[in-house]
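Single-structure report; data block below.
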2 protein chains.
Amino acid sequence: MNELEPEYLKSAGLKSTLPRLKVLDLFKNGQERHMSAEDVYQLLRDSGDNVGLATVYRVLTQFEQAGLLVRHNFEGGKSVFELNEGTHHDHIVCMQCGHVEEFYDSAIESRQKKIAAELGFTIHDHSLQIYGDCTKAKCPHRR
Amino acid sequence: MNELEPEYLKSAGLKSTLPRLKVLDLFKNGQERHMSAEDVYQLLRDSGDNVGLATVYRVLTQFEQAGLLVRHNFEGGKSVFELNEGTHHDHIVCMQCGHVEEFYDSAIESRQKKIAAELGFTIHDHSLQIYGDCTKAKCPHRR
DNA sequence: ATGCAAACGAGAATAATTATCATTCGCGCC
DNA sequence: GGCGCGAATGATAATTATTCTCGTTTGCAT
């Protein structure tokens, strides 16, 4: 059932190996959009694939550098990755259940550009997270 | 020469102890606005005050909870603290020299509130950092 | 099929932070 | 001005996230 996709790795200049294909498949066909290294490691282990934790870290970092994944540093000290689908967005994170929603606001984006320019910075990257409680929902997502 | 200020601690519900007074003094009268636990530890050590690293971590966390300091999680894996002067602001960080500038933009703030509301979140906190290079300056600040 | 560099897996090493616990300190009380 | 007690401290062990090391395996071109 594993829908492997070696072409992605080839085009990214990465050799097509089993661990890489499995990790990529997890992000493309798995249920969670946002996963930490530990999450990936456990999910692979659960599905019977024995990929070493060190390899997971290596692969995630390589994928980030290749532009296949994006890394986020949410509160809590661990890096979280998601598939890079070209469209930039920021995140709002529920502090109760850990659920993550994505949003994009062009007004915020353009203000950031203006501010950076005014302060004499060449913008490289930015990171915006809103932390709160998803009161509306009954927090159906677990951490 | 240490200008101690026990009243701050009292009013924050914290017992006035030597390590706490020294850390507070560093933030109020030191040259760096943004410091990690290790930074604080080293600076105290340099000025002849022997405060344990564990104590530094404890005091920083207590000060954060008491509202005296604000904690930031910039890229790089370590927490950075600054004096809480009531005025919220975000940060732009130079990736070359580590220099930090502060800014506040009411348009960004209000857009965030609106977005959180639309997504059904009670906003708790937020974190916005822009990462870039301070091209204008010749990067006079070192990390 | 063969070979070799690149990738892997297990476990050691590192970095930031937190927990443990015996000793010391701040401070109210007599 | 000393006493006592609980809170705070400091040294160090423990934890957590991540990276490094190194002997073994694998992808892939010949």
Side-chain angles (χ1 to χ4, degrees), chain A residues 2 4-26 34-45 48-66 68-69 71-81 98 143, chain B residues 2 4-26 34-45 48-66 68-69 71-81 98 143:
Chain A
N2 265 0
L4 309 179
E5 16 217 333
E7 71 279 4
Y8 270 74
L9 298 179
K10 299 272 180 58
S11 66
L14 291 172
K15 187 184 292 191
S16 168
T17 69
L18 231 44
R20 284 176 186 162
L21 290 169
K22 287 173 185 163
V23 171
L24 184 55
D25 179 61
L26 232 196
H34 302 88
M35 288 181 282
S36 68
E38 190 67 29
D39 293 338
V40 171
Y41 176 67
Q42 287 304 335
L43 286 172
L44 290 182
R45 171 139 307 203
D49 300 311
N50 272 55
V51 178
L53 181 56
T55 299
V56 171
Y57 273 102
R58 268 187 303 241
V59 170
L60 290 175
T61 302
Q62 290 160 348
F63 281 7
E64 183 200 7
Q65 287 167 348
L68 298 178
L69 296 179
R71 178 196 301 258
H72 301 291
N73 295 291
F74 296 160
E75 278 184 10
K78 45 178 59 175
S79 290
V80 172
F81 298 82
R143 159 154 298 261
Chain B
N2 267 0
L4 309 179
E5 16 217 333
E7 70 280 3
Y8 269 73
L9 299 178
K10 299 272 178 58
S11 66
L14 293 171
K15 188 184 290 189
S16 169
T17 69
L18 230 44
R20 285 174 185 164
L21 290 169
K22 287 174 186 165
V23 171
L24 183 56
D25 179 61
L26 232 196
H34 302 88
M35 289 182 280
S36 68
E38 189 67 29
D39 293 338
V40 170
Y41 175 67
Q42 286 304 335
L43 286 171
L44 289 182
R45 172 137 309 201
D49 300 311
N50 272 55
V51 178
L53 181 56
T55 300
V56 171
Y57 274 102
R58 269 187 302 241
V59 169
L60 291 175
T61 301
Q62 291 160 347
F63 281 8
E64 182 199 7
Q65 287 166 347
L68 298 179
L69 296 179
R71 177 196 301 258
H72 300 292
N73 295 292
F74 295 162
E75 279 184 9
K78 46 176 60 174
S79 290
V80 172
F81 298 81
R143 162 156 295 264

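Residue numbering restarts at 1 for every chain, and letters A, B, ... go by the order of the sequence lines.
R71(B) places its CZ atom 11 Å from the C1' atom of dT18(C), with the value rounded to the nearest Å. dA15(C) atom P lies 16 Å from atom CG of D39(B), rounded to whole Å. Between the CG atom of L53(B) and the C1' atom of dT17(C) there is a distance of 9 Å, rounded to whole Å. One interatomic measurement links the two molecules: CG of L60(A) to P of dC8(C), which rounds to 12 Å at whole-angstrom precision. Rounded to a whole Å, the CG atom of N50(B) is 8 Å from the P atom of dG10(D). Note: CD (E38(B)) to P (dT14(C)) measures 16 Å, nearest angstrom. D49(B) has its CG atom 16 Å from the C1' atom of dC25(C), to the nearest Å. The distance from atom CD of Q62(B) to atom P of dT17(C) is 16 Å, rounded to the nearest whole Å.
For the atom pair K78(B) NZ and M35(B) CE, the distance stands at 13.5 Å (nearest 0.5 Å). Interatomic distance, NZ of K22(B) versus CG of L44(B), reported as 7.5 Å (0.5 Å rounding). To the nearest 0.5 Å, the span separating CG on L60(A) from CZ on F81(A) amounts to 4.5 Å.
No donor-acceptor distance shorter than 3.5 angstrom exists from the side chain of R71(B) to the backbone of S79(B), with no hydrogens or angles considered.
Minimum atom distance to the side chain of K78(B) is reached by dA16(C), of the listed dT19(D), dT12(D), dA16(C). Of all nucleotides listed (dT12(D), dG27(D), dC8(C)), dG27(D) comes nearest to the side chain of K15(A). Taking only side-chain atoms of T17(A), from C-beta outward, the nucleotide of dG27(D), dT18(D), dT17(C) with the closest atom is dG27(D). The side chain of T55(B) has dT9(D) as its nearest neighbour among dT9(D), dT18(D), dT17(C). Out of dT9(D), dT17(C), dA10(C), the shortest distance to the side chain of R58(A) is found at dA10(C). Checking dT18(C), dG9(C), dT9(D) against the side-chain heavy atoms of Y57(B) singles out dT18(C) as nearest. Ranking dG27(D), dT17(C), dG26(C) by closeness to the L18(A) side chain, first place goes to dG27(D). Nearest to the side-chain atoms of V51(B) among the listed nucleotides dG9(C), dA8(D), dG10(D) stands dG10(D).
Take the nearest nucleotide of DNA chain C for P19(B) and for A37(B): the residue whose nucleotide is more 5' is A37(B). Along DNA chain C, the nucleotide nearest to R20(A) and the one nearest to V80(B) differ in position, and the one closer to the 5' end is contacted by R20(A).
Applying the 4.0 Å criterion to OP1 and OP2 of dT17(C), one finds that S79(B) has a side-chain N or O inside that range.
Side-chain contact check for T55(B) and R58(B): at least one donor-acceptor pair (N or O, by modelled atom type) lies under 3.5 Å.
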